[in-house]
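When reading the values below, keep in mind they use all heavy atoms of this one structure, side chains included, and skip hydrogens, waters and symmetry mates.
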Amino acid sequence: MHFESPIKRRHSRQIMVGNVPVGGDAPISVQSMTNTETCDVAATVAQIRAMQDAGADIVRVSVPSLDAAEAFKSIREQVDLPLVADIHFDYKIALKVAEYGVDCLRINPGNIGNKDRIRAVVDCARDKNIPIRIGVNAGSLEKDLQKKYGEPTPDALVESAFRQIEYFDELDFQEFKLSLKASDVFMTVEAYRKIASQIDNPLHLGITEAGGLRSGTVKSSIGLGLLLMDGIGDTLRVSLAADPVQEVKVGWDMLRSLKLRNRGINFIACPSCSRQNFDVVKTMNELEERLEDIKVSMDVAVIGCVVNGPGEAKEADLGLAGGSPNNLVYLDGKPNTKVKNETLVDDLERMIRDKALEKEKQELNLIAKS
Ligand code: SF4
């Protein structure tokens with residue numbers, strides 16, 4: 001990365017979700033949610049581990065029944081990243097998973113029930129030092145608010161949130177974060193903007209039911225991108241009708257694009273055209289697949305010809321500029337090695353891995369010195 005993100009983040013108080021800080025000056029965390037049957041413990045644990053490998057900081061698990069709460073206990077014992085339990089309708093499930101070591105409770109004010117039930121959840125959360133996410137959702141607003149506003153609106157979402165916030169204030173409970181999700185980009189963005197200036201609790205961002213991998217990624221990137229550019233958001237989840245591992249990857253790509261967090265390789269690649277001296281698209285696809293395990297942050301440029309190749313390659317940690325008869329690899333901004341098309345992907349993979357190792361060592365040295 002060659003310059004810092006210019007985004008000034010909104011000031012928020014910090015809560016702890018397990019060992020992951022959310023809010024304050026903590027990095028914006030990436031969340032996802034399992035879509036396995038929670039009672040299928042083995043499948044759920046495997047999915048959580050896959051999300052963790054992809055970079056999830058926090059994972060949410062739906063707990064729709066007391067049987068699922070028992071499964072949650074077993075899942076909790078087998079994974080080591082913070083788990084949020086998603087609770088709707090039945091507050092007793094929240095009390096149960098709190099016993100079993102949940103790191104955060106997500107409750108939906110539209111369906112969790114009366115104040116006594118909310119108080120029971122808050123008392124238990126306070127007792128066990130567990131934060132809560134108030135998850136307002138346009139699809140499940142309280143009935144009286146649906147009647148008052150006629151349809152979900154940003155104000156309806158904000159009013160629903162404030163009912164809970166005020167009640168949490170009465171109960172003197174501030175260990176919560178808030179989300180105000182709708183599937184409509186405009187409604188979501190306006191609702192978050194409205195509430196962001198009125199409270200200082202951390203905000204969990206998301207466009208709910210955003211769509212499939214492509215459409216949901218675009219919708220989420222626009223909505224969450226606008227909010228993140230405003231400095232709003234302390235943790236996020238990209239909701240996709242797709243493998244949740246993809247949600248994690250898209251979340252990271254968003255944060256990396258805005259230079260809010262770094263992890264893994266930031267590829268700079270040209271779209272290719274008839275000037276290309278090697279197959280850019282095939283090379284990129286293979287490199288992305290082969291190098292998914294790299295966690296250290298680095299820029300790699302893959303550019304098809306000399307029109308933009310040398311310029312981009314010089315700015316990256318490692319850059320390739322297509323050329324004839326050979327392509328030229330730049331390391332740290334300087335021409336380094338010529339590579340042939342026949343061995344291009346293997347050669348690049350090896351050089352990128354060497355560079356990643358070198359960067360990891362440099363980072364470890366810096367940490368040791370500080
Ligand atoms: S860098 Fe070269 S190959 Fe790539 S799109 Fe531009 S002109 Fe085409």
Chemist: Please test Ile58 against Val22 for side chain to side chain contact (heavy atoms under 4.5 Å, CB included), starting from the C-alpha separation and ending with a verdict.
Modeler: CA-CA 10 Å; Ile58 298 169; Val22 173; 4.0 Å; yes
Chemist: For Leu226 and Val189, which heavy atoms make the closest approach, and how far apart are they?
Modeler: CD1-CG2, 4.2 Å
Chemist: Could you list the donor-acceptor pairs under 3.5 angstrom formed by side chains in residues 332-340, with sequence neighbours left out?
Modeler:
residue	atom	partner	partner atom	Å
Asp332	OD1	Lys355	NZ	2.7
Asp332	OD2	Lys355	NZ	3.0

Chemist: I want to check something: taking the side chain as every heavy atom from C-beta on, are His204 and Leu178 in contact at a cut-off of under 4.5 Å?
Modeler: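 They are not in contact (no side-chain heavy atoms under 4.5 Å apart), so the answer is no.
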Chemist: Could you walk me through whether Cys270 and Val280 pass side chain to side chain contact (heavy atoms under 4.5 Å, CB included), step by step?
Modeler: CA-CA 7 Å; Cys270 77; Val280 176; 4.1 Å; yes
Chemist: Indicate yes or no: does Glu159 engage Lys148 in a salt bridge with an N to O separation below 4.0 Å.
Modeler: yes
Chemist: Going by an N to O cut-off under 4.0 Å, is there a salt bridge joining Glu175 and Arg126?
Modeler: no
Chemist: For the atom pair CD (Glu77) and OH (Tyr100), what is the distance rounded to the nearest 0.5 Å?
Modeler: 10.0 Å
Chemist: Go through it in stages, so that I can follow the logic: the residues are Asn111 and Ser140, the test is side-chain hydrogen bond (donor to acceptor under 3.5 Å, both in side chains), and I'd like the CA-CA distance, side-chain angles, deciding distance and then a yes or no.
Modeler: CA-CA 7 Å; Asn111 62 32; Ser140 51; 4.8 Å; no
Chemist: Look at the side-chain heavy atoms of Ile, Leu, Val, Met, Phe, Trp and Tyr, link any pair under 4.5 Å apart, and say whether Ile303 and Met298 land in one connected group.
Modeler: no
Chemist: Looking at Leu81 and Ala56, what are the two nearest heavy atoms and their distance?
Modeler: CD1-O, 3.5 Å
Chemist: Salt bridge or not for Lys282 and Glu286, using N-O below 4.0 Å?
Modeler: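 A salt bridge links Lys282 with Glu286.
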Chemist: Could you verify whether a donor N or O on one side chain and an acceptor N or O on the other, from Thr38 and Thr44, lie under 3.5 Å apart?
Modeler: no
Chemist: Does Ile222 belong to the same Ile/Leu/Val/Met/Phe/Trp/Tyr cluster as Ile28, with side-chain heavy atoms less than 4.5 Å apart forming each link?
Modeler: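 Per the 4.5 Å side-chain linkage, Ile222 and Ile28 are co-clustered.
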Chemist: Output yes when a side-chain donor or acceptor of Ser62 lies under 3.5 Å from a complementary backbone atom of Asp86, and no otherwise.
Modeler: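 Checked: no pair found.
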Chemist: Taking the basic N atoms (NZ, or NE/NH1/NH2) and the acidic carboxylate oxygens, is any pair closer than 4.0 Å for Asp57 and Arg261?
Modeler: yes
Chemist: Could you check whether Ser239 and Glu209, counting side-chain N and O atoms only, form a donor-acceptor pair closer than 3.5 Å?
Modeler: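 Side-chain D/A pair, Glu209 to Ser239: absent.
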Chemist: Looking at Asp103 and Leu83, would you say the former's side chain and the latter's main chain have a donor-acceptor pair under 3.5 Å?
Modeler: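 Yes; at least one donor-acceptor contact below 3.5 Å.
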Chemist: Please step through salt bridge (charged side-chain N to carboxylate O under 4.0 Å, His left out) for the pair Asp116 and Arg119, ending with a clear verdict.
Modeler: CA-CA 5 Å; Asp116 289 343; Arg119 178 198 283 268; 5.1 Å; no
Chemist: For a quick check under 3.5 Å, do Asp169 and Gln174 share a side-chain donor-acceptor pair by atom type?
Modeler: yes
Chemist: Applying side-chain contact (heavy atoms from CB on, under 4.5 Å) between Val158 and each of Val136, Ile165, Ile195, Thr153, report the one that passes.
Modeler: Ile195
Chemist: Can a side-chain donor-acceptor contact be found between Asn327 and Asn341 if the only test is distance below 3.5 angstrom?
Modeler: yes
Chemist: For Ser12 and Asp234, test the side chains for any donor-to-acceptor distance below 3.5 angstrom and give the result as yes or no.
Modeler: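 There is such a pair (donor and acceptor under 3.5 Å, judged by atom type) between the side chains of Ser12 and Asp234.
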Chemist: Distance only, no hydrogens: is a donor on one side chain within 3.5 Å (strictly under) of an acceptor on the other, for Gln47 and Thr34?
Modeler: no
Chemist: Checking salt bridge (charged side-chain N to carboxylate O under 4.0 Å, His left out) for the pair Asp144/Lys147: CA distance, chi angles, key distance, verdict?
Modeler: CA-CA 5 Å; Asp144 65 308; Lys147 215 169 156 191; over 6 Å; no
Chemist: With side chain to side chain contact (heavy atoms under 4.5 Å, CB included) as the criterion, how do Val20 and Met16 come out once you've worked through the C-alpha distance, each side chain's angles and the decisive distance to 0.1 Å?
Modeler: CA-CA 6 Å; Val20 173; Met16 293 299 293; over 6 Å; no
Chemist: Going by atom types alone, do Thr36 and Asp40 pair a side-chain donor with an acceptor below 3.5 Å?
Modeler: no
Chemist: Are side-chain heavy atoms of Glu292 and Lys249 found at a separation under 4.5 Å?
Modeler: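 Yes, at least one pair of side-chain atoms sits under 4.5 Å.
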Chemist: Of the options Arg10, Arg9, Lys194, Arg193, which is the one that meets Asp230 in a salt bridge (Lys or Arg N to Asp or Glu O under 4.0 Å)?
Modeler: Arg193
Chemist: Using every non-hydrogen atom in the two residues, find where Ser5 and Leu260 come nearest and quote the distance to one decimal.
Modeler: OG-CD2, 4.1 Å
Chemist: Taking the side chain as everything from C-beta on, heavy atoms only, tell me whether Lys96 gets closer than 4.5 Å to Glu70.
Modeler: yes
Chemist: Using atom types as modelled and distance alone, determine if a side-chain donor or acceptor of Asn308 lies under 3.5 Å from a backbone N or O of Gly311.
Modeler: no
Chemist: Could you report the tightest heavy-atom contact between Leu157 and Asn137, atom names first, then the distance?
Modeler: CD2-C, 4.1 Å
Chemist: Between the side chains of Asp346 and Arg290, is the shortest nitrogen-to-carboxylate-oxygen separation below 4.0 Å, so that they form an ion pair?
Modeler: yes
Chemist: Out of curiosity, does Trp252 fall in the hydrophobic cluster containing Ile207 (side-chain heavy atoms, cut-off under 4.5 Å, transitive links)?
Modeler: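 Ile207 clusters together with Trp252.
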Chemist: Around atom CD of Glu289, are there more than 12 heavy atoms of other residues, nucleotides or ligands at under 6.0 Å?
Modeler: no
Chemist: Which heavy atom of Gly135 sits nearest a heavy atom of Ser179, and at what distance?
Modeler: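 Shortest heavy-atom separation between Gly135 and Ser179 comes out as CA-OG, 3.3 Å.
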Chemist: State, with a plain yes or no, whether a side-chain heavy atom of Arg237 is found less than 4.5 Å away from one of Leu205.
Modeler: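 Side chain of Arg237 against side chain of Leu205, heavy atoms only: no contact under 4.5 Å found.
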Chemist: Look at Asp184 together with Lys219 and state whether they make a salt bridge at an N to O cut-off of under 4.0 Å.
Modeler: no
Chemist: When you compare the side chain of Glu247 with that of Ser220, does any pair of heavy atoms fall below 4.5 Å?
Modeler: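 The answer is no; the side chains never approach within 4.5 Å.
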Chemist: Is there a donor-acceptor contact under 3.5 Å from the side chain of Gln146 to the main chain of Leu141?
Modeler: yes
Chemist: Determine, step by step, whether Arg353 and Glu349 satisfy the salt bridge (charged side-chain N to carboxylate O under 4.0 Å, His left out) criterion, reporting the C-alpha distance in whole Å, the side-chain angles of both residues, the deciding distance to 0.1 Å, and the verdict.
Modeler: CA-CA 6 Å; Arg353 288 194 180 281; Glu349 182 187 356; 3.1 Å; yes
Chemist: Walk me through it: do Met351 and Leu331 pass the test side chain to side chain contact (heavy atoms under 4.5 Å, CB included)?
Modeler: CA-CA 9 Å; Met351 283 184 268; Leu331 256 185; 5.9 Å; no
Chemist: Do Leu258 and Met254 belong to the same hydrophobic cluster, where Ile, Leu, Val, Met, Phe, Trp and Tyr are linked whenever their side-chain heavy atoms lie under 4.5 Å apart, directly or via other members?
Modeler: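 Yes, Leu258 and Met254 fall within the same hydrophobic cluster.
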Chemist: To check you understand the geometry: which heavy-atom pair defines the closest contact between Phe72 and Ala85, and what is its length?
Modeler: CE1-CB, 4.5 Å
Chemist: If we only count heavy atoms from C-beta on, is the Ile15 to Lys177 side-chain gap below 4.5 Å?
Modeler: yes
Chemist: Between Val61 and Ile87, is there a shared hydrophobic cluster once you connect ILVMFWY residues whose side-chain heavy atoms come closer than 4.5 Å?
Modeler: yes
Chemist: When you measure from the side chain of Ser221 to the backbone N and O of Thr217, does any donor-acceptor pair fall under 3.5 Å?
Modeler: yes
Chemist: Counting heavy atoms not belonging to Asn365, are there more than 12 under 6.0 Å from its CG?
Modeler: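 Yes, the 6.0 Å shell around CG holds more than 12 heavy atoms from other groups.
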Chemist: With side chains defined as the heavy atoms from C-beta onward, is the minimum distance between Pro202 and Gln14 less than 4.5 Å?
Modeler: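 With C-beta onward as the side chain, the pair stays apart.
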Chemist: Measuring only between side-chain heavy atoms, which start at C-beta, is Ser160 closer than 4.5 Å to Glu142?
Modeler: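 With C-beta onward as the side chain, the pair touches.
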Chemist: Test your reading of the model: is there a side-chain donor-acceptor pair from Arg60 to the backbone of Ser32, 3.5 Å cut-off?
Modeler: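 It does not hold such a pair.
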Chemist: Using the rule given for side-chain hydrogen bond (donor to acceptor under 3.5 Å, both in side chains), can you reason through Thr283 versus Asp279, listing the C-alpha separation, both sets of side-chain angles and the distance that settles it, and then say yes or no?
Modeler: CA-CA 6 Å; Thr283 305; Asp279 188 334; 5.6 Å; no
